[in-house]
Amino acid sequence: MAGATLAQAQRGGPGGGGPGGGGGANIPSLRTVAVPVPPNLSTYVSDQTALVALGKAFFWDMQAGGDGRTACATCHFHAGADHRLQNQLSSPVGLSNFPTPNATLSVTDFPFHQLSNPANNRSAVTSDRRQVAGSAGVVHRNFFDVTPGSTVDDGSDVAGEAAFSIGGIRTRQVTGRNAPSVINAVFNVRNFWDGRASNTFNGANPFGASDPAANVLAWRNGALVREQVRITNSSLASQAVGPALNATEMSYDGRVWPKLGRKLLSLRPLALQQVRTDDSVLGALANAAGNGLTSTYAALIQAAFQPVWWSAPATAETNQMESNFGLYWGLAIQAYESTLISDATRVDQFLEGNRTALTALEQQGLAAFTDGGSQCTQCHQGAEFTGASYTNALRANANPGNPSDAGFFRTGVSQMAEDAGLGGNDGFGLPLFTPGQTGAANGTFKAPGLRNAEFTGPYFHDGGQATLEQVMAFYARNGDFPAGGNLGPGIGRIRLSGADQAALVAFVKALSDDRVRYERAPFDHPSLCVPNGQVELSPGVPQPDTSDPRFTLTALDRFALIPASGAGGNAAPLQTFEELLRGTGADGSRAHAMTQSCSPQP
Ligand code: HEC
Ligand code: HEC
C-alpha cells in the first residue's frame, strides 16, 4: 500500500492555503488534502452518486441489525460517534471484570482512573474502574435464518451467560472499546483503534489479504465464477464489513452475507425511519408519504455497480446479488463515509490565512499545540491531526517497522495486559503489525484525529475521560500507566501549565465544523431510534420484553429519538457528552439531548 495513488483534491483548494499558509507551524488546511480513493474502483462501480446513496441508506438502516433495530448509526449517530450514558459499560479486551449491566454513567465516574493529586500520576489512586465506556450493540442471540419481509431475524436468546444479563434476563452487549467518529476516518490508512481494518478490501471481512478466499461471484460469459477481491485505499470498506455480522455489534451469532442480503433485498430501505425530502443525498428518493425510500436496495445496487457483479439470473442454488452483499455493503458505506469530511473549521480558515478566524486564546492553544513542551504534534500531525493519515504514514521516509511512523502510540491510557492494541492478531491469527523490534506494537493505539472532539466524548479507547479538560490533565501528568514499555515518543516529557491546558482545550474546540455542530449537509441524516438503556422495574429487576415469543430472555429497551435532519441542519447545536452527563441542554437548547422517546415500529 506504500505509494498508493491518491486522487487529486476534489474540493476547491483555497488560495493562500498549503503548509504554513496561515502561520500554523506548517499545518495545512484540511481542504488542501486529497481524499483517498481506491485506484481500481471502476472495475466494480459504475455510478458514484448511486453508490453514496446506497451507502447512506445502509449506514442508517436499523433493519440491518439482527433485531431489526440496530444500524451502524446506532453507535455513530452523534458527530459520527456515540454519547449515550446508559448501558455503555464493558470490560477491557484482556480482562473479564464485568461491570454492572445497564449502569448509567455519572459525572463522578470520570475520569475512570482517579488520583489524590490529578497532576501527579504517582499519587495515591483513589478509584480505578478498569472498565470501558463502549457502545451498546445487540443482545446475544443465536442466528437461525432470515424471514424475507421481516425486519427481525429468526433465532434464540443465548441463555446462561453472566455477562450482559440481569438475573438471567439479557441486556444489550457493549463493545470492549469506545466508538471513534466516522467523520474524517477516510484519511486513516488503517481503521479501528488497533488498525485491524485492512487498507486492502477483500469483499467480505476486515482482514484484507490475510483471507486467501475468493469471496465474490462474477457473471462472465454466461457463467458464474468465484473471484478474489483486492481493493486498496479501502480501510473503510474493510471496516464496514465487520460490525454487520458481528454478534456484539449488530448481528445474531452466525449470520452470513447472503442472509443479510436476502433480508435487506426484501425490505423497503429505511422503512422504520423518516427520511427528509431535503436530505442532501437521499432527499430525491425519500418517501414523502411515510417512512423510508421509494427505491429498493436491488435498484440502488444495479445503479451503483457494474452488471458483472449482479446480473446473473438467480437459480435455486445461487443468488449472485445475495452472495455479493459484502462487496456492495463495504464499498457503498466507504463511499458515503468518504463524503463525511469536516474541513470548514475556524482552524482551517485561520490556516488558509484568515487571521481573525481564531480568538487570541485559540491562537495561544495552536501555539501550545505545536510547541515542543506539549509534544502534541509528535503524534497528531498535519491537517488530519493524526500520524495514521495517508499524508504521514505513507510518507517516503516512514519506517515500516515502527508503529509510531504508522501513527500508533502508547500514551499510558491503560495497562499493557488489558488491551494489546496494534500488538494483537487479526481474525486469521496473523499479527496486525510486524515491528522491527519484537513487542514494539504492544499496547499502541491509533492516534485519533482531533476534529469535532468537542462532541465525541468520552475520550480514549477506553472512554475513560469525560471532558477535554480531563484529557489535558492526563497529558500534563504524563499518562496514567506509563510503566510497561513502548511509551511515547514524548509522553514523559510533556510539560503543560494550567494556562496551556485551557488554551489547548479552546484550540481543540475550534476544530469543530459548524456543519457537524448543526448537522448540516453532508452530516444530515434519517431519523433513528437509539436504544438508550433498558427498563428496570426496580434496581436489578429488568422488565422482560414480551413482544416476540421467540425471545423471552430479553430486557425491554428504552429508545431515544434522534430526529431526521435535512441539508439545512438543526436550529440547536449538538449536545456534548459532558452536557448530557450534567443534564445541560435538555430544554431543547441542544440537539440529541436524548429526551424524546421513540418506537421503532413501522
Ligand atoms: C455496537 C456499536 C457499533 C456499531 C453498531 C457499529 N460500530 Fe463502528 N465502531 C464501534 C466501536 C466500539 C469502534 C472501535 C472498535 C475498535 O477499534 O476496536 C468502531 C469503529 C468504527 C470505525 C473506525 C474509526 C476509526 O477511526 O478507527 C468506523 C469507520 C466505524 N466504526 C464505522 C461503522 C460502520 C460502517 C458500522 C456498520 C456497518 C458500524 N461502525 C457499526 C461501535 C459500533
Ligand atoms: C505519543 C503520542 C501522542 C502525544 C504526544 C499526544 N497524543 Fe493525543 N492521542 C494519542 C493517542 C494514541 C490517542 C489515543 C490513546 C488511547 O485511546 O489509548 C490520543 C488521544 C487524544 C485525544 C482524545 C481523542 C478521542 O477521540 O478520544 C485528544 C483530545 C488528544 N489526544 C489531544 C492531544 C493533545 C492536545 C496533545 C498534546 C498535549 C496530545 N494529544 C499528545 C497520541 C498522542
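N287 and T294 form no side-chain donor-acceptor contact under 3.5 Å, judged by distance and modelled atom types alone. Judged by distance alone, the side chains of N191 and S235 do bring a donor and an acceptor atom under 3.5 Å apart. Side-chain atoms of T386 and Q381 include no donor-acceptor pair closer than 3.5 Å. A donor-acceptor pair shorter than 3.5 Å can be found between the side chains of Q88 and D82. Between the side chains of D557 and Q534, a donor-acceptor pair is found at a separation under 3.5 Å. When only modelled atom types and interatomic distance are considered, T232 and N199 share no side-chain donor-acceptor pair under 3.5 Å. No side-chain donor-acceptor contact under 3.5 Å links T43 and Q306. No donor-acceptor contact under 3.5 angstrom links the side chains of Q273 and N291, judged on distance only.
Counting heavy atoms from C-beta outward, W309 and V216 have side chains that approach closer than 4.5 Å. Side chains of I231 and L331 form a contact here, defined as non-hydrogen atoms less than 4.5 Å apart. Contact annotation: the side chain of L282 approaches that of L293 to within less than 4.5 Å [non-hydrogen atoms, C-beta and beyond]. The closest side-chain heavy-atom distance from T171 to V139 is not below 4.5 Å.
Within the model, atoms OG1 of T554 and NE2 of H140 stand 12.0 Å from one another, a figure rounded to the nearest 0.5 Å. Distance check, rounded to the nearest 0.5 Å: NE2 of H461 to CG of N178 gives 9.5 Å. In this structure, CZ in R84 is found 7.0 Å from CG in N532, a value given to the nearest 0.5 Å. L236 CG to Y336 OH: the interatomic distance, rounded to the nearest 0.5 Å, is 12.0 Å. The CG atom of L528 sits 12.0 Å away from atom NE2 of H76, with the distance rounded to the nearest 0.5 Å. Atom CG of L450 sits about 12.0 Å away from atom OG of S181, to the nearest 0.5 Å.
Nearest heavy atom pair, residue V186 against residue P36, reads O-CG, 3.5 Å. Residues L260 and A244 come closest through the heavy atom pair CD2-CB, 4.0 Å. F201 approaches A204 most closely through the heavy-atom pair CE1-N, 4.1 Å.
Salt-bridge annotation for R170 and E161: present, with a side-chain N of the basic residue lying under 4.0 Å from a carboxylate O of the acidic one. One finds a salt bridge joining R172 and D67 here, because a Lys/Arg side-chain nitrogen approaches an Asp/Glu carboxylate oxygen to under 4.0 Å. Between D343 and R451 there is no salt bridge, since no side-chain nitrogen of the basic residue lies less than 4.0 Å from a carboxylate oxygen of the acidic one. Between R262 and D145 there is no salt bridge, since no side-chain nitrogen of the basic residue lies less than 4.0 Å from a carboxylate oxygen of the acidic one.
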Test log, rule salt bridge (Lys or Arg N to Asp or Glu O under 4.0 Å), inputs K259 and D154
CA-CA 11 Å; K259 296 291 186 186; D154 195 13; over 6 Å; no

Audit row: N570, S565, side-chain hydrogen bond (donor to acceptor under 3.5 Å, both in side chains) steps and yes/no:
CA-CA 6 Å; N570 306 318; S565 62; 4.6 Å; no

Does the side chain to side chain contact (heavy atoms under 4.5 Å, CB included) test come out yes or no for L264 and Q63, once each step is laid out?
CA-CA 7 Å; L264 289 181; Q63 301 170 116; 4.2 Å; yes

Report the C-alpha distance between D253 and V158 in whole Å, list the side-chain angles of each, state the deciding distance to 0.1 Å, and finish with yes or no for side chain to side chain contact (heavy atoms under 4.5 Å, CB included).
CA-CA 9 Å; D253 220 332; V158 174; 5.7 Å; no

Can you check salt bridge (Lys or Arg N to Asp or Glu O under 4.0 Å) on R395 and D405, steps first, answer last?
CA-CA 9 Å; R395 71 189 189 276; D405 280 16; 3.5 Å; yes

Assess the residue pair L327 and W257 against the criterion (side chain to side chain contact (heavy atoms under 4.5 Å, CB included)); give the C-alpha distance rounded to whole Å, side-chain angles, the decisive distance to 0.1 Å, and a yes or no.
CA-CA 9 Å; L327 178 77; W257 282 115; over 6 Å; no

Stepwise, does the side chain to side chain contact (heavy atoms under 4.5 Å, CB included) test hold for Q334 with Q239?
CA-CA 9 Å; Q334 167 164 275; Q239 192 289 324; over 6 Å; no

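In this pair, F77 and H592 present their aromatic rings tilted. The plane angle is within the 30 to 60° band.
Under the 3.5 Å distance criterion, the side-chain polar atoms of R226 are matched with a main-chain donor or acceptor of A214. At least one donor-acceptor pair closer than 3.5 Å links the side chain of Q320 to the backbone N or O of A312. In this structure, S46 contributes its side chain and A304 its backbone to a donor-acceptor pair below 3.5 Å. Side chain of R515 to backbone of I341: a donor-acceptor contact under 3.5 angstrom is found.
Only one option out of N184, D513, D348 pairs with S342 in a side-chain hydrogen bond (donor to acceptor under 3.5 Å, both in side chains); it is N184. Remark: of the listed residues W219, Y328, Y297, Y44, Y328 is the sole one forming a ring pair (Phe, Tyr, Trp, His ring centres under 6.0 Å) with F305.
Annotation: side-chain contact (heavy atoms from CB on, under 4.5 Å) contacts of A213 (sequence neighbours excluded): D211, N215. Remark: R177 pairs with D194, D419 by the salt bridge (charged side-chain N to carboxylate O under 4.0 Å, His left out) rule, at least two apart or across chains. Every residue meeting the side-chain contact (heavy atoms from CB on, under 4.5 Å) condition with L556, not counting sequence neighbours, appears here in chain and number order: V535, Q543, D545.
Taking the six-membered ring wherever Trp is involved, the centroid distance between the rings of Y252 and F551 falls below 6.0 Å. For F59 and H525, the distance between ring centers is not under 6.0 angstrom. Ring centroid separation for the pair F58 and F325 comes in under the 6.0 Å cut-off.
Other residues, nucleotides and ligands place more than 12 heavy atoms under 6.0 Å from the CG atom of N397.
Both tests do not hold together for R276 against W60: distance to the six-membered ring centre under 6.0 Å, angle to the ring axis within 45°.
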